[in-house]
Amino acid sequence: MELSLYFSKLDLSLLKVIQAISKSSIEIEECIRYSALKGLHGVHSNEQNSSGDIQKKLDVISNDIMINHLTQTKCCSILLSEENDAPIYLQKEYSEKNYVVAFDPLDGSSNIDCNAPIGTIFSISSHNKEQVLTKGNQIVVAGYVLYGPSTELLLSVNNTVERFVLSIKKQYIHIGKVLLNGKKKIYSINEANSSAWNSDMKAYINNYKINGTKYTSRYIGSMVGDVHRTLLYGGMFCYPADKKNPNGKLRLLYEAYPMAKLLEDAGGKAIVGNNSKQRILDVILKEIHQRTPILLGSIEEVNKYEQVLQKKLKNIKYKI
Ligand code: FDP
């Protein structure tokens with residue numbers, strides 16, 4: 001069934017916002033698919049965006065496409081983009097029918113020029129009169145689009161994760177619900193940073209290695225691709241705090257909140273790590289470009305990290 005039909009019972013303004021994101025992603029997909037032929041590889045300028053990353057041409061194009069479609073809905077009050085320094089205020093008057101949309105228009109953009117999976121990540125939240133967004137718990141819909149061998153849209157609506165695939169006719173077709181029940185033994189982390197990890201992370205990851213060849217390692221280096229695999233196959237994905245990045249690398253608002261919502265709604269878990277069991281969705285947003293460490297995956301795998309913390313509390317020596 002096609003996306004708009006599938007969600008035909010949703011609140012109309014919310015549906016319009018979802019449709020705007022789906023239309024944007026179809027345009028972004030078109031740009032990505034022919035990027036090498038259209039001269040869309042490479043950097044836009046050597047200037048860093050608000051998150052400190054160098055903007056690629058496709059980052060800028062994707063951002064413009066998202067802002068354009070979301071503005072046209074007239075159902076959004078505030079747009080928060082990873083590519084913009086400040087929030088974009090679209091409605092002067094407060095109305096509970098308006099939504100706040102936060103997005104990373106093109107995540108994993110270091111993978112663009114080598115044709116590896118990349119994605120758009122977003123969340124739609126009800127408008128809190130006082131603040132832009134205080135916690136991930138205010139998210140009504142979270143999702144991402146994966147531009148890979150095929151283009152997929154995953155959406156968490158009413159606490160259920162739905163999976164759509166883009167058809168030849170450029171329509172998103174529902175192919176099923178997602179429940180994190182895969183049992184593949186996979187750990188996913190950038191091991192090049194291991195010398196800078198803190199002792200909790202060293203102990204946790206070491207546990208995956210001492211069991212002979214029971215576990216395998218997979219790391220695409222594109223959050224959407226790594227999280228998608230985790231949702232479908234199981235295992236865990238982590239971008240921890242380390243000595244180089246004491247607050248982690250990934251953005252709370254644009255990356256961690258939406259992925260945490262999807263993981264939890266699919267029956268998994270998403271926590272801060274970094275000597276803390278705190279749920280990502282409970283972390284208070286103090287600044288829109290704030291970073292956070294993150295550990296997500298099946299309950300079984302995330303619990304293994306929590307066991308490391310318990311041992312630490314009881315002063316049992318880590319096996320490192
Ligand atoms: P990228 O730098 O390519 O834009 O937050 C961006 C992100 O990719 C994530 O998609 C990805 O998980 C992570 O950074 C990869 O970072 P490392 O290269 O440091 O592993």
Side-chain angles (χ1 to χ4, degrees), residues 25 28 31-32 35 40-63 66 80-84 102-123 142-148 152 154 186-198 201 205 217-231 235-260 262-263 270 272-274 280 287-297:
S25 73
I28 296 171
C31 297
I32 293 168
S35 52
L40 297 180
H41 280 177
V43 296
H44 171 69
S45 77
N46 282 323
E47 278 172 34
Q48 294 178 337
N49 67 7
S50 2
S51 299
D53 300 326
I54 298 286
Q55 282 186 312
K56 297 284 169 59
K57 287 180 191 166
L58 275 173
D59 284 326
V60 177
I61 293 170
S62 308
N63 194 35
M66 291 284 286
L80 301 152
S81 167
E82 198 234 294
E83 300 297 338
N84 289 80
F103 55 91
D104 182 350
L106 204 54
D107 187 69
S109 49
S110 64
N111 285 309
I112 295 172
D113 296 359
C114 68
N115 197 18
I118 43 183
T120 298
I121 313 176
F122 56 88
S123 65
Y144 62 77
V145 179
L146 169 71
Y147 310 104
E152 294 202 16
L154 265 77
I186 299 172
Y187 73 94
S188 183
I189 189 165
N190 187 344
E191 297 227 40
N193 297 329
S194 60
S195 62
W197 292 342
N198 299 321
M201 199 43 63
I205 298 301
S217 162
R218 290 283 183 277
Y219 187 74
I220 300 170
S222 166
M223 191 188 196
V224 177
D226 284 314
V227 170
H228 192 66
R229 183 201 53 247
T230 308
L231 278 169
M236 69 72 141
F237 165 80
C238 183
Y239 206 109
D242 59 35
K243 298 202 168 61
K244 198 172 69 183
N245 303 298
N247 299 318
K249 177 185 180 190
L250 303 179
R251 269 65 52 143
L252 177 62
L253 179 58
Y254 314 108
E255 295 168 308
Y257 274 163
M259 293 309 199
L262 285 155
L263 255 288
V272 173
N274 200 26
I280 287 285
E287 192 269 301
I288 58 171
H289 294 293
Q290 179 175 331
R291 294 173 193 268
T292 181
I294 184 168
L295 163 59
L296 56 80

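Indexing begins at 1, ligand by ligand and atom by atom, following the structure's order. Keep in mind that what you see is a predicted model, and the values were worked out from it rather than measured. Below, all heavy atoms of this structure are taken into account, side chains as well, without hydrogens, waters or symmetry copies.
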Subject >> Side-chain donor-acceptor contact under 3.5 Å, Tyr147 with Thr120 >> reply: yes

Original post:
Asp107 heavy atoms, cut-off 4.0 Å: which ligand 1 atoms fall inside?
Top reply: 5 (O), 6 (C), 9 (C), 10 (O)

**OP:** Could you go through the side-chain contact (heavy atoms from CB on, under 4.5 Å) check for Ile28 and Met66 one step at a time?
**Re:** CA-CA 9 Å; Ile28 296 171; Met66 291 284 286; 4.2 Å; yes

Original post:
Are side-chain N/O atoms of Asn84 and Asn63 paired as donor and acceptor at under 3.5 Å?
Top reply: yes

**OP:** Check the angle between the aromatic planes of Tyr144 and His228 and answer parallel, tilted or perpendicular using the 30° and 60° thresholds.
**Re:** perpendicular

Original post:
Please state which protein non-hydrogen atom is closest to atom 19 (O) of ligand 1 and give its distance, to 0.1 Å?
Top reply: Tyr239 OH, 2.7 Å

Subject >> Under the side chain to side chain donor-acceptor pair (under 3.5 Å) test, residues paired with Ser222 that sit two or more places apart >> reply: none

Subject >> Single hit among Leu146, Ile32, Val145, Val224 for side chain to side chain contact (heavy atoms under 4.5 Å, CB included) with Ile118 >> reply: Ile32

Original post:
Atoms of ligand 1 less than 4.0 Å from Ser109 heavy atoms?
Top reply: 1 (P), 3 (O), 4 (O)

Original post:
Looking at ligand 1, does any of its N/O atoms fall within less than 3.5 Å of an N/O of Ser110?
Top reply: yes

**OP:** Not counting sequence neighbours, which residues clear side chain to side chain donor-acceptor pair (under 3.5 Å) with Gln290? List them please.
**Re:** none

Original post:
Do the side chains of Arg218 and Tyr187 get nearer than 4.5 Å, heavy atoms only?
Top reply: no

Original post:
Hey, is Asp226 touching ligand 1 through its side chain, its backbone, both or neither, going by heavy atoms under 4.0 Å?
Top reply: neither

Subject >> Option whose closest heavy atom lies nearest to atom 11 (C) of ligand 1, chosen from Gly108, Gly221, Ala192 >> reply: Gly221

**OP:** Within a distance under 4.0 Å of any heavy atom of Arg251, pick out the atoms of ligand 1 and give their elements.
**Re:** 5 (O), 6 (C)

Original post:
Which of the listed options, Arg291, Glu255, Met223, Lys249, holds the heavy atom that is closest to atom 2 (O) of ligand 1?
Top reply: Lys249

Original post:
Which of the numbered atoms in ligand 1 are below 4.0 angstrom from a heavy atom of Ser222?
Top reply: 10 (O), 12 (O)

Original post:
Can you list the ligand 1 atoms lying under 4.0 Å from a non-hydrogen atom of Tyr219?
Top reply: 15 (C), 16 (O), 17 (P), 20 (O)

**OP:** Any atoms of ligand 1 less than 4.0 Å from a non-hydrogen atom of Asn190? List them with their elements.
**Re:** 17 (P), 19 (O), 20 (O)

